Amino acid sequence: MSTQAPGNGPVHDVLIVGGGLVGASLAIALDAQGLDVGMVEAAPAGALPPVFDQRNLSFAEATLNALQALGVLPLMRAPTGPIRRIHVSRRGDFGRMLLDAEAYGRGEFGRVVVARDFGEALEVRLLQLKHLTRYRPARFIGLGESDDGMRHVRIADANGERTLRTKLLVAADGARSALREALGITAREHDYGQTLFIARLRTQRAPDGTAFERLTDHGPTALLPRGDGHYGLVHGVPREDAEAVAALDDAAFLARVQDAFGWRAGRFLSVGERSRYPMLGCVADALVAPRAVLVGNAAQSIHPLGAQGFNLGLRDALTLAECIAGYAADPGDDAVLRRHAARREEDRNRTIAFSDGLARLTANNAPLLRPLRSAGLVAGDAFGWLQGWLVGGAMGYRGDVPALCRKVAA
């Protein structure tokens, strides 16, 4: 637990601002090292952060390996859905690409997990930690002057304002990170002009382990095989149409999605509660500052096409934990931060380029691009080397992968 010097606020080895998917996963990874960790969370005790809603998360094989090793996966109570095949097509273009896990000696590429179910498992695991202090509900309000080799962090909670001190400060507070701004790290934003509708979908044909990605001029329509016999739907629409689509009754919404997707899963029978999210990309221009580091969406928020967001953020967290392991006496040492930034460069750049490039190319309805896109789908389906490259990324093996992602704890 935290220490406190006379006249000063609590002192932590690592202070994480943000208790969502990536921040919580980092706290679990660091607890195994015996480090004193603090976590500033907006949600009160007994409540999950808003990010743990009904959206569907695609966990790559590397992510599942890591979550097993961290002791989170065994705590999942709801069934998860295996992804055994990935089917990609584009409306208006010929050709399609089909990736099959069996062709690569695997039973599955990954699994579909409902965010709320994952949040509940994370919460149970957090309550088991021995070295974590949770400040909740609390919010980050600014950085204080630092003249003692530590970061001074001002927060506000039920007891008013106070200052925490830490050797390493971690921003895990999302794409609109207030901490990133306070650190003076700029970010490049891109508005894809799309709104994504998320819902649970029941179809005539029950999921068989195939994840469908249907691309259109206005964004993707994806069906992800959940563990409850339904599909997780992601339906992209132009931003200017979002209000009209939100106002549709269930029958009209199903008809719209059926028209966009086609009949590969049979007739669409019913749809659950719908949520919507504007699709905004944001990439920080730096990952580190003196005694501070960005992880997850605070470092990069990417288009969900290809389902790489949380998988990438978890690799941020686990790489940081590995880098800290060699410098436990001072996790905020410059050498730790330089090593972390260097290790994350290839994976981060390649994943961002893949996701953003695919989103821009597939959403461009220029007639001259149609043959190129179609040829790309045909080539991806025909050439083993290209499929292998795509599969490696889909399974979470890009760049310098953290050790926990490569093996399952015995």
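Computed from a predicted structure; not experimentally measured.
No side-chain N or O of H131 forms a donor-acceptor pair with one of D31 less than 3.5 Å apart. Defined by atom type and a distance below 3.5 Å, a donor-acceptor pair is present between the side-chain atoms of D53 and Y277. Between T210 and H87, the side chains place no donor N or O within less than 3.5 Å of an acceptor N or O (distance only, hydrogens not considered). Side-chain N/O atoms of R239 and T195 include a donor and acceptor closer than 3.5 Å. With 3.5 Å as the limit, one finds no donor-acceptor pair spanning the side chains of R151 and T166.
In this structure R348 satisfies the side-chain hydrogen bond (donor to acceptor under 3.5 Å, both in side chains) test together with Q300, sequence neighbours excluded. Residues passing the side-chain hydrogen bond (donor to acceptor under 3.5 Å, both in side chains) test with N297, sequence neighbours excluded: none.
When each of D333, V336, L318, V293 is checked for a side chain to side chain contact (heavy atoms under 4.5 Å, CB included) with C323, only V336 meets the rule.
Electrostatic pairing of D148 and R165 counts as a salt bridge here, judged by a charged N lying under 4.0 Å from a carboxylate O. E322 has a carboxylate O that lies under 4.0 Å from a charged side-chain N of R343, or vice versa, which qualifies the two as a salt bridge.
Side chain of R85 to backbone of D208: a donor-acceptor contact under 3.5 angstrom is found.
Summarising the geometry, atom CZ belonging to R180 is positioned 8.5 Å from atom CD1 belonging to I185; distances are rounded to the nearest 0.5 Å.
Ring-centre distance between F261 and F268: below the 6.0 Å cut-off.
The two residues R134 and E41 have their closest heavy-atom pair at NE-OE2, 2.7 Å.
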